[in-house]
Amino acid sequence: MADVPDPLADFVVAEVRRARGAAGMTQEAFGRGAGFSASHVSAVEGGTRALTLDFIKGADRALSTGGLFERLVSKLGTPSWFLPWLDAERNATQLRYFEPNLIPGLLQTEAYARAVLRTVDSLTDDEVEQRVSTRIDRQRILTGARPPQLVAVLDERAVSLTGEGFGGIMGQQITQLIARAELPHVHVHVIPAATGLHVGLSGPFALARSGGGMWVGHLENQLGGVVVDKDDELATLQARWENVRNEALPRRQSIDLLKEVESQHGPQ
């Protein structure tokens with residue numbers, strides 16, 4: 001049951017409440033149609049319980065909208081395929097990210113995230129800004145009262161990316177990455193370019209461990225992404241994780257490499 005991020009959630013909840021009222025449905029009647037108790041409906045509408053994709057789908061059923069609210073979430077904010085992973089990420093006690101080409105979203109600066117998203121020419125400016133806002137909002141889990149342990153393994157290509165007009169953005173990104181890597185619960189490891197070929201070059205992946213000890217994986221590709229929860233597939237991702245982690249430099253040496261890269265961009 002993935003949470004929909006603010007401010008999109010506030011908008012969708014207001015629209016669901018308005019539609020329920022226009023249909024003359026009490027919270028109890030709406031809940032029966034949506035598959036939730038009246039108290040759950042009241043809590044979502046009152047803002048004391050998170051709006052989830054399951055609730056949105058239930059609202060579409062109860063109000064016979066033909067999937068309108070789910071399409072709104074997908075169009076205006078977080079793609080629906082990403083919501084299950086958001087749920088796993090937000091409730092994780094441990095997170096594992098491997099990225100061969102880009103900085104992981106949880107560690108991106110706003111400017112870097114915007115530059116990455118603008119490479120998708122099908123997105124409008126408003127859609128880019130909404131997704132940047134969502135991406136930055138995700139990072140709040142790292143500064144909460146009980147943040148997860150985050151271990152990120154990056155190929156050196158990901159931290160050495162440059163290009164016309166991108167040097168300043170990348171310099172700021174490396175500076176922030178170093179600051180995050182100095183936090184006790186954040187570990188950043190870099191695979192040196194001299195390593196050459198390794199199994200991680202096949203693509204990025206992520207793993208999240210819940211408080212109950214269950215692992216969930218995530219694979220992202222050009223068409224979207226997929227959550228991995230089958231035992232055999234998780235075992236494969238865990239083995240790939242061990243491989244890329246073993247290729248990476250230790251934490252302190254990785255930070256030293258990042259500082260060397262930072263110095264090449266000059267003062268930020």
Side-chain angles (χ1 to χ4, degrees), residues 5 78 82 85-86 89-90 92 94-120 123 128-129 131-143 147-183 185-193 195 198 200-208 217-222 225 240-241 244-245 247-266 268:
T78 306
F82 193 57
W85 173 251
L86 277 182
E89 186 180 76
R90 290 176 178 178
Q94 297 178 34
L95 289 167
R96 306 285 184 261
Y97 279 91
F98 170 71
E99 279 283 355
N101 299 307
L102 297 171
I103 307 300
L106 284 182
L107 300 172
Q108 291 179 5
T109 65
E110 184 174 327
Y112 181 95
R114 184 175 292 110
V116 169
L117 288 166
R118 280 180 174 163
T119 64
V120 183
L123 294 177
V128 167
E129 292 306 314
R131 295 193 183 191
V132 169
S133 177
T134 298
R135 188 164 297 185
I136 300 304
D137 181 69
R138 287 167 55 201
Q139 298 177 6
R140 290 190 297 178
I141 65 172
L142 298 180
T143 56
Q149 180 199 57
L150 170 63
V151 182
V153 174
L154 314 177
D155 195 282
E156 189 174 348
R157 296 168 181 80
V159 301
S160 301
L161 189 64
T162 186
E164 185 177 354
F166 191 65
I169 292 174
M170 196 64 196
Q172 293 170 4
Q173 174 62 75
I174 297 301
T175 298
Q176 175 168 297
L177 187 59
I178 293 170
R180 294 288 189 269
E182 298 283 6
L183 295 173
H185 58 283
V186 177
H187 303 250
V188 176
H189 300 272
V190 180
I191 299 177
T195 300
H198 58 82
L201 295 180
S202 297
F205 62 89
L207 290 159
H218 185 258
L219 300 172
E220 196 165 337
N221 55 55
Q222 291 284 347
R240 297 287 173 89
W241 170 259
V244 297
R245 176 64 187 84
E247 294 286 359
L249 295 172
R251 186 182 191 186
R252 182 49 54 186
Q253 290 181 31
S254 294
I255 292 175
D256 289 342
L257 188 153
L258 291 174
K259 289 180 177 178
E260 181 180 340
V261 173
E262 179 188 36
S263 68
Q264 296 170 7
H265 291 284
Q268 301 302 318

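Residues Q176 and R180 are in side-chain contact: their nearest non-hydrogen atoms beyond the backbone lie under 4.5 Å apart. Side-chain contact between L107 and Q139 is absent, with no heavy-atom pair separated by less than 4.5 Å. In this structure, L150 and H185 have side chains that are not in contact, with every pair of non-hydrogen atoms separated by 4.5 Å or more. A heavy-atom distance below 4.5 Å is not found between the side chains of L154 and I191. In this structure the side chain of L249 reaches within 4.5 angstrom of the side chain of P192, judged on heavy atoms. Annotation: side chain of Q94 is not in contact with side chain of P148 (no heavy-atom distance under 4.5 Å). You'll find the side chain of R96 stays beyond 4.5 Å of the side chain of R245, heavy atoms only.
Residues V132 and A113 come closest through the heavy atom pair CG2-C, 4.2 Å. Heavy atoms only, all atoms of each residue included: P100 and D155 are closest at O-CB, 3.4 Å. Between F98 and G200, the shortest heavy-atom distance links the atoms CE2-O, 2.9 Å. Closest non-hydrogen pair, T119 versus V116, comes out as OG1-O, 2.6 Å. L258 and L177 make their closest contact through CD2-CD2, 3.9 Å (heavy atoms, listed as atom of the first residue, atom of the second, distance). Taking both residues in full, the closest heavy atoms of T109 and Q173 are given as N-OE1, 2.8 Å, listed atom of the first, atom of the second, then distance.
Taking CE of M170 as the reference point, atom OH of Y112 lies at 5.0 Å (rounded to 0.5 Å). Interatomic distance, L95 CG to L142 CG, rounded to the nearest 0.5 Å: 8.0 Å. H218 NE2 to E89 CD: the interatomic distance, rounded to the nearest 0.5 Å, is 9.5 Å. Of the inter-residue distances, the one linking S133 atom OG with R138 atom CZ reads 12.0 Å to the nearest 0.5 angstrom. Here the CD1 atom belonging to I174 is positioned 13.0 Å from the NZ atom belonging to K259, to the nearest 0.5 angstrom. From E262, atom CD reaches atom CG of L257 across 12.0 Å, with rounding to the nearest 0.5 Å.
Taking 4.0 Å as the cut-off between side-chain N and carboxylate O, E99 and R157 do not count as a salt-bridged pair.
Relative orientation of the W241 and F205 rings is perpendicular, given thresholds of 30° and 60° on the angle between their planes.
In this structure, the side chain of E156 engages the main chain of A193 through a donor-acceptor pair within 3.5 Å.
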>> For R251 and Q253: C-alpha separation, side-chain torsions, deciding distance, then whether side-chain hydrogen bond (donor to acceptor under 3.5 Å, both in side chains) applies.
In response: CA-CA 6 Å; R251 186 182 191 186; Q253 290 181 31; over 6 Å; no
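For Q108, the side chain to side chain donor-acceptor pair (under 3.5 Å) partners are R135, not counting sequence neighbours.
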